[in-house]
Amino acid sequence: MALNQSLFRLLPPLSFLFPYSIPSIFQRLGPNPLKLFIFPAPKFKFLTYYYSSLPLTLDRNLYNNNILHNVFEPESHYTSLLEKSTHKTHLNQVHAQLYAFGLQNNGFIITKFIHVSCSLGEINYAHKVFDEFPNPYVFLWNALIRGYSSHNMFIEAIEMYNKMQEVYVSPDCFTFPHVLKACSGLSAVEFGKAVHAQVFRHGLESDVFVQNGLVSLYARCGKIEMARIIFHQLDERNIVSWTSMISGCAQNALPSEALRVFGEMRQSNVKPDWIVLVSVLRAYSDAGDLEQGKCVHSSVIKMGFEFELDLRIALTAMYAKCGQVMVAKILFNEMDGQDVILWNVMISGFAKNGHAGKAVELFKNMMTRNIRPDSVTVQSAILACAHVGSLEQARWMDDYVYHSEFRDDICVNTALIDMFAKCGSVELARKVFDRAIDRDVVLWSAIIVGYGLHGQAREAIDLFYAMKSAGVQPNDVTFIGLLTACNHSGLVKEGWELFHSIRDYDIEPRHQHYACLVDLLGRSGHLEKAYDFIQKMPIEPSVSIWGALLSACKIFRHVTLGEYAAERLFSLDPMNTGHYVQLSNLYASARMWGGVAKVRVLMKEKGLTKDLGYSMIEVNGKLLAFRMGDKSHPRSEEIYQELEMLDRKLLEAGFVPDAESALHDLDMEDKEVSLCNHSERLAIAYGLISTPAGTTLRITKNLRACVNCHSATKLISKLVNREIVVRDANRFHHFKDGFCSCGDFW
DNA sequence: GTAGGGTTAG
């Protein structure tokens, strides 16, 4: 009788689900009576298996005895079981037991169950369990919303938030922090504002957790002013409020503002914890302030936070971003190297700071150590390949992606398109574009920019129309791609029209757009018009705008306007060698040798030297760099023989070297150097002797193509019957049959 | 049962 009574206490839900009367259940109880209770749960038939297999820790006799003696406390029992769970099979076993003992509608246990399932990454399972629960109340909704939000499944989190309101469950102060996080994760400020209104409607506006969520939402979405207003109204500002504000500024490219807020925080005697230091480090690294970054590093050690993994990763990132990649590598080596984000920091640090080759090496190293890369790792490795510029390396990367889980990752595909375009093959970029299933504005822009880089403006414009018919709205970068494409192809009319259509798409033209237009007008000889345009611009002209005007003045030998542009450049960007060289080139083209000398003095005064030119060529997957007059290569003799032969052929074909380039080069103190061994020519000669006939030569230069080499390369492509692809500091040139894809317009 | 942090495409 005692047994019956105890069981009855646990059984009521089953009596609804089961068509048999209670006595008949007992008649049917075999040697394993509990098994029978599994069946009422139609969605969880698999639980029979878990029930019949040995349960996790349940001692059935102990359990029965506990029931008999009325001391069984299911809530604490299952809380502790769930806390010990580390695998889905544990969840299955607990779940089976809950059904077996009729605890499947115990809100407390199910809330815990959902929470644990989510933290084990079994969110779909958690959702199914949630769906089985009759009329879930706010705790269960919160647990599920939290699960989605903490796994960056923001859309699902917001869907659940909407659904809970449809069934008239009121959100509470535990709901909003997660919903607000989801809004900021989606950058959905407008929706966030609606949620903000709901906060007031439910009278939760003075809850500090909710307030911090709001500060974080507005700050992370770039609405710093709004964040500040809420922040200043807070009655109680804790370290989380400060961190929300600081990280918001840091993430929105406002490092100095972030640091100012941090200063305020220190003034109000709030003690920093290690989490806030992560954002402070980010701010210092974005501001490029290595010295202050180092100070934070020493504070970290003083405060005893040096073993916090995430903080160490932030420190590594700081050194890497500030160009101290070798210091970063030391920190990297000190850690056990299992964390993917740590690898990402190091790979992108190498890739962006002139060690692209090392970045690729590190990625391969990671593969051999069986550490699973994520999408960011792959994107960083692809970026590294783009910087290396080796097409063979690029193909390897593409092959890797094609056979990996990242094949349909939109960001990875965008990076691949960019990589192929930068490695000289817009055709392969197009292949990636064609196979991409998902295409957003960034992916479309990548291929448009790619065509622009290669001077194929028609393709770029066609794709622009295709993009619009696919229902994708262009953005500011799309237009930069289109305008540079027009520049590189000399499509003045199209460029002009495109520029004037920017505002039709609700896009405010930025410096770069104006610079493109100045470039376009300037190159086509409309110098006065370009100057007029600069005068009438609604924004203050920047370095790139005056730079565009100066280089146009050089082409058309407009000295007075060029001098004016150069003056503006020298005041805005005094230490950039490029501007001085441009002005010197302008004087040289106008045969004003006095001017050339004047610039040289100016450069000496500032301690500036001309950047040395070099060219790289890829042969059999290996990159080789040549400097002007380089004789360091083991096959140097052969290279110079080939060079002489090329020169002879050029002369026979009637090639006349451009005297101006010669003069100004000599004037730039490269006295012993004649035209024929510009680094570009050396690379071509090496390519010719080390590859089979007909192979395309791929060359990368650090400077812009010089007039003389450009016309020589055109002719060489015809004489030796090779396609030669040259990437200069600005764009690609495809030389074939005596012509260049740029149409001599660069 | 709650909130803040590290890597990141054009």
Side-chain angles (χ1 to χ4, degrees), chain A residues 79 107-108 111-112 114-115 138-147 149-150 172-181 184 204 207-217 219-220 238-248 250-251 273-282 285 308-318 320-321 339-349 351-352 373-380 382-383 386 409-419 421-422 429 440-450 452-453 474-481:
Chain A
T79 302
F108 184 92
T111 301
K112 188 78 190 171
I114 291 172
H115 177 66
V138 66
F139 274 45
L140 285 100
W141 288 97
N142 289 350
L144 196 59
I145 292 173
R146 178 189 181 189
S149 189
S150 60
D172 65 8
C173 58
F174 287 78
T175 319
F176 284 111
H178 304 120
V179 175
L180 291 168
K181 182 186 172 182
S184 62
L204 298 167
D207 180 274
V208 68
F209 284 84
V210 178
Q211 287 169 334
N212 288 343
L214 286 167
V215 171
S216 180
L217 163 75
R220 282 175 60 176
N238 61 20
I239 182 83
V240 179
S241 331
W242 287 100
T243 311
S244 302
M245 208 52 219
I246 293 168
S247 72
Q251 287 167 12
D273 63 0
W274 69 268
I275 295 181
V276 75
L277 290 182
V278 170
S279 292
V280 171
L281 274 172
R282 178 180 169 147
S285 37
E308 291 294 348
L309 179 65
D310 289 353
L311 188 53
R312 288 179 75 102
I313 295 175
L315 277 168
T316 313
M318 187 274 291
K321 280 188 196 163
D339 190 306
V340 196
I341 295 182
L342 177 62
W343 286 82
N344 295 351
V345 164
M346 212 51 239
I347 292 173
S348 71
K352 286 178 179 168
D374 66 4
S375 165
V376 177
T377 326
V378 177
Q379 287 169 52
S380 306
I382 296 172
L383 180 74
D409 184 309
I410 191 163
C411 301
V412 168
N413 281 333
T414 306
L416 283 176
I417 291 173
D418 177 58
M419 171 190 76
K422 285 187 178 146
D440 65 356
V441 59
V442 185
L443 188 114
W444 279 96
S445 302
I447 187 76
I448 289 174
V449 169
L453 201 60
N475 68 9
D476 54 337
V477 184
T478 321
F479 276 97
I480 287 171

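Sequence lines set the chain letters: A, B, ... in the order given, protein chains first and strands last, and positions in each chain run from 1. All values derive from a computational prediction rather than experimental measurement.
- With hydrogens and angles ignored, a donor-acceptor pair closer than 3.5 Å exists between the side chain of A/N238 and the base of B/dA3.
- Within the nucleic acid shown, A/R146 comes within 4.0 Å of sugar-phosphate atoms alone, with no base atom in reach, counting heavy atoms only.
- Residue A/K352 places its side chain closer to B/dT8 than to any other of B/dT8, B/dG6, B/dG4.
- Nearest nucleotide to the side chain of A/I341, out of B/dG1, B/dT7, B/dG4: B/dT7.
- Of the side-chain N and O atoms in A/Q251, none sit less than 4.0 angstrom from OP1 or OP2 of B/dG4.
- In this structure, the CD1 atom of A/I246 is 15 Å from the C1' atom of B/dA3, given to the nearest Å.
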Practice item. Start with the C-alpha distance between A/V240 and A/S244, add both sets of side-chain angles, then the distance that settles side-chain contact (heavy atoms from CB on, under 4.5 Å), and finish with yes or no. Key: CA-CA 6 Å; A/V240 179; A/S244 302; 4.2 Å; yes
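- In this structure, the CG atom of A/L281 is 15 Å from the C1' atom of B/dG4, given to the nearest Å.
- Residues that satisfy the salt bridge (charged side-chain N to carboxylate O under 4.0 Å, His left out) test with A/D440, not counting sequence neighbours, are absent from this structure.
- Minimum atom distance to the side chain of A/N475 is reached by B/dG10, of the listed B/dG4, B/dG10, B/dT8.
- Closest contact between the side chain of A/I275 and the listed nucleotides B/dT7, B/dG1, B/dG4 involves B/dG4.
- Of the candidate nucleotides B/dG1, B/dG10, B/dA9, B/dG10 has the atom lying nearest to any side-chain atom of A/V449.
- The nucleotide whose nearest atom lies closest to any side-chain atom of A/V477 is, among B/dG6, B/dG10, B/dG4, B/dG10.
- When distances are taken from the side chain of A/D339 to each of B/dG4, B/dT2, B/dG6, the shortest belongs to B/dG6.
- OP1 or OP2 of B/dT8 sits under 4.0 Å from a side-chain N or O of A/S348.
- Using a 4.0 Å heavy-atom criterion, one finds that A/T111 contacts no nucleic acid atom at all.
- At a cut-off of 3.5 angstrom, counting only N and O atoms as typed in the model, there is a donor on one side and an acceptor on the other between the side-chain of A/D273 and the base of B/dG4.
- Rounded to whole angstrom, the span from the CG atom of A/L204 across to the P atom of B/dT2 amounts to 17 Å.
- Checking B/dG1, B/dT8, B/dG4 against every side-chain atom of A/F139, the shortest atom distance belongs to B/dG1.
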Check your understanding: Going through the distances and angles, do A/V442 and A/I410 end up as a side-chain contact (heavy atoms from CB on, under 4.5 Å)?
Key -> CA-CA 9 Å; A/V442 185; A/I410 191 163; over 6 Å; no
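- Following rounding to the nearest Å, A/Q379 (CD) and B/dT7 (P) show an atom-to-atom distance of 14 Å.
- Counting non-hydrogen atoms under 4.0 angstrom, A/V442 reaches a base of the nucleic acid.
- With rounding to the nearest 0.5 angstrom, the CD1 atom of A/I417 is 10.0 Å from the CH2 atom of A/W444.
- Nucleic acid contact class of A/N413 (heavy atoms, under 4.0 Å, all strands): none.
- Atom CG of A/N344 is separated from atom C1' of B/dG6 by 10 Å (rounded to the nearest Å).
- For B/dT2, neither phosphate oxygen OP1 nor OP2 lies less than 4.0 angstrom from any side-chain nitrogen or oxygen of A/K181.
- Backbone-only contact: A/H178 has heavy atoms under 4.0 Å from sugar-phosphate atoms and none from a base.
- Within 4.0 Å of A/L342, counting heavy atoms only, lies no atom of the nucleic acid at all.
- Atom-to-atom distance recorded for A/N142:CG and A/S149:OG is 11.5 Å, nearest 0.5 angstrom.
- Here B/dT2 presents its C1' atom at 16 Å from CD1 of A/I114, a figure rounded to the nearest Å.
- The side chain of A/I410 lies closest to B/dA9, out of B/dG6, B/dA9, B/dT8.
- Comparing B/dT7, B/dA9, B/dG4 against the side chain of A/K321 picks out B/dT7 as the nearest.
- Judged by centroid separation below 5.5 Å and plane tilt below 30°, A/W444 does not stack onto the base of B/dG10.
- Note on A/N212: a base of the nucleic acid sits closer than 4.0 angstrom, heavy atoms only.
- One atom, CG of A/D172, and another, C1' of B/dT2, lie 9 Å apart when rounded to the nearest Å.
- For the side chain to side chain donor-acceptor pair (under 3.5 Å) test, residues two or more places apart in sequence or in another chain that qualify with A/S375 are A/Q379, A/D409.
- Rounded to the nearest 0.5 Å, atoms CG (A/L309) and CG (A/D339) are 5.0 Å apart.
- In this structure, CG of A/L309 is placed 12 Å from C1' of B/dT7, rounded to the nearest angstrom.
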